[in-house]
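Notes follow the structure.
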Amino acid sequence: MKIRENIIIKGIVQGVGFRPFIHKLIKNYNLSGWVLNSNQGVEIEVEGEEEELDSLIDDIKEKLPPLARIEEIEIVKLPLVGYKGFFIKKSKTKEENSLVLVSPDISICKDCLQELFDSQNRRFRYPFINCTNCGPRFTIIKDIPYDREKTTMSVFKMCPQCQNEYDNLEDRRYHAQPNACAHCGPQVFIYNRDGKIIENVNPIEQAVKFLKEGKIGAIKGLGGFHLACDATNDQTVLRLRNLKKREAKPFALMSLNLEKIEQYCEVEKEEREQLESRARPIVLLKKKRDSIISSFVAPNNNYLGVMLPYTPLHYLLIKDNFSALVMTSGNFSEDPIICDNQEALEKLDKVVDFFLLYNRDIFNRCDDSIIKIMNHHSVFFRRARGYVPDPITIDFRLKEVLAVGAELKNTICFSKGRYIFPSQYLGDLKNLGALDFFKESIEKLGKIFRMNPQIIACDLHPDYLSTKYAEEIGAKRGIEVVKIQHHYAHIASCMVENDIRERVIGVAYDGTGYGDDGKIWGGEFLLCDFKKYFRIGHLRYSPLPGGDKAIAEPWRVAYGYLYSIYGKKAKELRIDFIQRQNHNILSIIEKMIDQKINSPLTSSCGRLFDAISALIGVRDKVSYEGQAAMEMEAICVSGIEEGYKFDIYKENKEFIINPENIFKEIICDLKNGASKGVIAAKFHNTVADFTGDLCVKIREITNLNKVALSGGVFQNRYLTERIISHLEKEGFQVYIQRKVPPNDGGISLGQAVIAGSK
C-alpha cells in the first residue's frame, strides 16, 4: 500500500552530511519527496510503498554518516500528493520554540589529511581544507539551521569548482558548509610583533622558521589563539613563562603523532584512544625520565598535557619540523582565550614575536578540552572544544533552566526537555573579560538552542558574580531564581550523568563552597536526590587565617591546623615547617584565630591537602589553584599501603572526621626522617581510608549502597583510584564523573537538574 510520511529526525543531523546521506539512500528505493534542514533537525517528506518506507527508516538508523547522532525520530502519516522524484529543499526557518543539536568542531579527517599533502590535489597545503566529515562547526555557527549564510563562512563566495563540489551529490563535500579552497576561501597572514604584515613570504613556512629560531608566536586556532614555541628550547619556554606571567602552571603541548609523543611520555591504551579521537583533547600523560621536553613546560609535575594536531594549519606547522610545540591558551591570567585578530595584535604584542592569523572569524570562542585517564575511564579537567555543544541526554524531562554555575572554572548550562547543554569552559569570573565571556555565552547558546528559561539556578554564595548576575536578570525579567548549595550541585551533576535518580551517599571534596551555616565547606558527606539533600558528615572545621589569602599561602592553613591542635606550643614544634616561618607573623596568625579576625572556619578537603603539602615542605605558596595538592600527588611513593590514624565521632546528627592524629603522626614521621614521598603516600591512603570508613557508617544507618564522588579533589588520580578501590571492596557501587569535570566546571549541570526537577 502506498503512503506518505513526514519524518522529523532530531539529534546531531545538521552540518554532518545528513541530507546528502538521505538523498543517496533514497536511490535504493522507489520513493519520492524531499529533505531539508529545519529548526527541529532534518525533515523528510517521502511517499511510496509502506514496506519500503519501513526499510528506509531501518537503513537511516544503521548507516548514519560518521558524525551524525539520532536522538529521536517522529513520523506522521499524511495523504498522498503524488511527488515526482526526490530533491533537497532549501532550509526551513520557523520562529517556534524548537531545538536542533549542533555538532562540535571535528579534527581533520584522514581523507582531507591525505589531500593536504598530495601535490597533485588542488588543495595541496591549503590550511582550511575540510569536508562533510570534519572541520569547524560550533566555533563558526551563528544560528540555526546550520547553513553557510548562518556561519562566519558567509563572507566567502565559493568559486565554480567549490560550488560544483557543494552541489554534487556524489562528492564528499556535498553541502559541506565551510567548503573552500585557496582561490575562494580564508587565507593565512603573518605579522611581526608591531602588527605589520610580513610580505613576500609563505606565512606558514616563515612561522616555522621563526619557531625554529626560538621565537614565540601567536597562532590562531579553531576556537582561539595559542601561544606557541619549541617545547624543547629551555630558554624560549622560560621566556614565554615570564612574559605570560605564568610562574608554574603547566603548558600544553602538541606533537605530530603518537610516535613523537612516546619519545617523552608513556601512553596507555585508553590514552591513545583519546589522543586519536575526533575531538583531539589535551590528554594528561605520565612523563618519561630524561624527557627531551623542557623542564619549564610543567615544573614539579609528573604529567604533561599533550594533544595531536586537529586542524590542517597545525599539520602544516608541525610536520617534519618539531618534536613538540608548546601550544598554550592565548590569554593572560584568568582572561578568556583571545579569538579576535585585532584583540590579539593589541594584547599579545608584548608576549610574542610574530602573529600567524587568518581571516575567517571565530564566532564562539572555545578553549582546548583536557582529559585524564583515571580508573580506566576518561575524566574531564576541562570540557570545551570537540565536545561542546553536545548535550547530556537524560530519560526524564526538565523545565527550561539557565544554570549559571560557580565562580571558578565557570560553565553555564541550559536545560530543555530531555537535554542539558553545558557550555564550554568559561574561566574564573574574577575579572571583566571573563564576566563578558560568561554573558556572551549565555546570549549565544540561548539563541542557538532557542532557550526561554523559566528558572535561573545559581550558587548559594552571595558574592559570586554568577549569583549576582542571576539575581539581577531574575529581578529584571521576573524569572524565578533558585539558589543551590555548592556541594549538593556537585553530587547532583555526578548523579545525572550516571542516570541515578534515587538517593545516594554523596562525597564532595573540593577547595571552597559556601555552606548552609555560612562556613566554608569542602569535605562533605551528603544524602542526596534531586529534590533535597541532608549533610550527614564532614571534616572537622579548622580556621583559615587570612581567608582568601590562605588559599594562595597554604602555610597559613597548615598553621591553622597546628594551632587548633597544639595551641601556642605549635610554635615550639621542632620541625622544619615551623623553623622556616616568621614567628612574629605566626603570633599575628594566632591572634587572628583567637579573635576570629578574617579567619573563617572550613571543612575543606582541598585545604587539608594544602596544609599537609606545606607541613611536609612541598609547597608553602601557590601560583595557581590546586598546585600544592598536585605537586604532593606527584611525589607519592608507590607501593606504600600504610596510613595514619584518624577519628570519626558523631556530633548531633552529623559524623565528624577529626584529622588531629593525622597531623601528630606526620610530625612524628618528619622527626624520624621519613621522606616527603612516603608521607605523601600515607596521607593519600589515609584520606581514602576515612572516606571508606565513613561511607560504611552511613550505610549502616541508611541502607544506601550507591556512592557518588564529585569535587575538584577527585582530579587526583592516586586518591580517586584508591577511594574507588576501598569502596568497592566494601561492596559499594561507586560513581565518578566522565561527561563533565568533577571540578567546578560541573556545578552548572547539577544546578540545572536540581532546579529543573522542581
Side-chain angles (χ1 to χ4, degrees), residues 6-14 38-43 61 68-76 94-103 144 383 387-405 411-423 442 445-458 470 473-474 477-484 488-504 506 528-533 706 708 710 735 737-740 746-758:
N6 180 271
I7 305 164
I8 295 175
I9 302 178
K10 299 180 178 181
I12 296 182
V13 292
Q14 293 190 12
S38 77
N39 278 2
Q40 298 181 78
V42 166
E43 188 174 347
K61 292 176 181 175
R69 188 176 80 229
I70 293 176
E71 296 285 346
E72 189 177 348
I73 299 178
E74 295 178 0
I75 301 174
V76 177
K94 297 179 181 177
E95 292 303 322
E96 57 185 71
N97 188 28
S98 55
L99 176 63
V100 174
L101 302 188
V102 175
S103 169
I144 57 166
R383 183 181 184 270
Y387 301 92
V388 174
D390 263 357
I392 308 294
T393 306
I394 56 178
D395 61 1
F396 58 99
R397 300 188 73 83
L398 294 175
K399 296 174 184 175
E400 285 197 39
V401 176
L402 164 59
V404 296
T411 63
I412 60 156
C413 266
F414 282 103
S415 68
K416 189 170 191 172
R418 293 174 48 249
Y419 298 112
I420 308 174
F421 296 92
S423 73
I442 290 172
L445 283 175
K447 182 180 180 182
I448 289 173
F449 294 119
R450 303 292 194 265
M451 295 298 178
N452 185 26
Q454 305 160 259
I455 299 170
I456 300 181
C458 64
I473 296 300
R477 299 182 187 172
I479 303 173
E480 180 185 3
V481 176
V482 177
K483 296 185 177 181
I484 296 164
Y488 179 27
H490 265 308
I491 301 304
S493 69
C494 183
M495 291 170 64
V496 70
E497 70 162 81
N498 284 288
D499 300 318
I500 304 170
R501 295 180 70 180
E502 68 269 30
R503 208 177 194 202
V504 300
C528 297
D529 57 28
F530 294 146
K531 298 294 182 184
K532 59 184 178 181
Y533 76 97
K706 291 184 175 180
S710 188
Y735 300 90
Q737 299 195 251
R738 296 191 294 274
K739 296 179 182 177
V740 297
I747 286 286
S748 61
L749 174 62
Q751 291 173 344
V753 73
I754 293 166
S757 300
K758 286 188 58 169

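The pair Glu502-Lys706 meets the salt-bridge criterion, since a charged nitrogen lies less than 4.0 angstrom from a carboxylate oxygen.
Under the side chain to side chain contact (heavy atoms under 4.5 Å, CB included) criterion, Val388 pairs with Phe138, Arg383, Gln424, not counting sequence neighbours.
Taking every heavy atom of both residues into account, Arg450 and Lys447 meet most closely at NH1-O, 2.8 Å. The two residues Asn498 and Arg738 have their closest heavy-atom pair at OD1-NH2, 4.2 Å. Nearest heavy-atom pair across Ile394 and Gly417 is CD1-O, 4.3 Å. Annotation for Val404 and Ala470: closest pair CG2-CB, 4.1 Å, computed over non-hydrogen atoms. Pairing each heavy atom of Gln40 with each of Lys10, the nearest pair is O-CG, 3.4 Å.
With hydrogens and angles disregarded, no donor-acceptor distance shorter than 3.5 Å links the side chain of Lys399 to the backbone of Gln454. Glu43 places no side-chain N or O within 3.5 Å of a backbone atom of Asn6 that could act as its donor or acceptor partner. Distance alone, capped at 3.5 Å, is enough to place a donor-acceptor pair between the Tyr488 side chain and the Asp529 backbone.
Summarising the geometry, atom CD1 belonging to Ile747 is positioned 12.0 Å from atom SG belonging to Cys458; distances are rounded to the nearest 0.5 Å. To the nearest 0.5 angstrom, Ile412 atom CD1 is 4.5 Å from Ile442 atom CD1. Distance check, rounded to the nearest 0.5 Å: CG of Leu402 to SG of Cys413 gives 9.0 Å. Taken to the nearest 0.5 Å, the CZ atom of Arg69 stands 5.5 Å off from the OG1 atom of Thr393. Within the model, atoms CD1 of Ile500 and CZ of Phe530 stand 8.0 Å from one another, a figure rounded to the nearest 0.5 Å. Rounded to the nearest 0.5 Å, atoms CD1 (Ile484) and CD (Gln751) are 5.5 Å apart.
For the residue pair Ser415 / Glu400, no side-chain donor-acceptor distance below 3.5 Å is found, with atom types taken as modelled. No hydrogens or angles considered: nothing links the side chains of Gln14 and Ser103 as a donor-acceptor pair under 3.5 Å. Thr411 and Ser748 share a side-chain donor-acceptor pair at under 3.5 Å.
Residues Arg503 and Cys528 have side chains not in contact (no heavy-atom distance under 4.5 Å, counting atoms from C-beta outward). Proximity of Ile8 to Ile73: side-chain heavy atoms (C-beta onward) are nowhere separated by under 4.5 Å. At least one side-chain heavy atom of Ile9 sits under 4.5 Å from a side-chain heavy atom of Ile7. Between Asp395 and Arg418, every side-chain heavy-atom pair lies at or beyond the 4.5 Å cut-off. A 4.5 Å side-chain heavy-atom check between Ser493 and Val753 finds every atom pair outside the cut-off. Put simply, the side chain of Lys739 does not reach to within 4.5 Å of the side chain of Leu749, judged on heavy atoms.
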CA sep, side-chain torsions, deciding dist, call: Ser757, Leu398, side chain to side chain contact (heavy atoms under 4.5 Å, CB included): CA-CA 6 Å; Ser757 300; Leu398 294 175; 3.6 Å; yes

Chi angles and distances behind the side chain to side chain contact (heavy atoms under 4.5 Å, CB included) call for Ile456, Val482: CA-CA 6 Å; Ile456 300 181; Val482 177; over 6 Å; no

Step-by-step side chain to side chain contact (heavy atoms under 4.5 Å, CB included) determination, Val401 to Ile420: CA-CA 9 Å; Val401 176; Ile420 308 174; over 6 Å; no

Residue pair Glu497, Val740: steps toward the side chain to side chain contact (heavy atoms under 4.5 Å, CB included) verdict: CA-CA 8 Å; Glu497 70 162 81; Val740 297; 3.4 Å; yes

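For the pair Arg501 and Phe396, the distance from NZ or CZ to the six-membered ring centre is under 6.0 Å and the angle to the ring normal is within 45 degrees.
For Phe421 and Phe414, the distance between ring centers is not under 6.0 angstrom.
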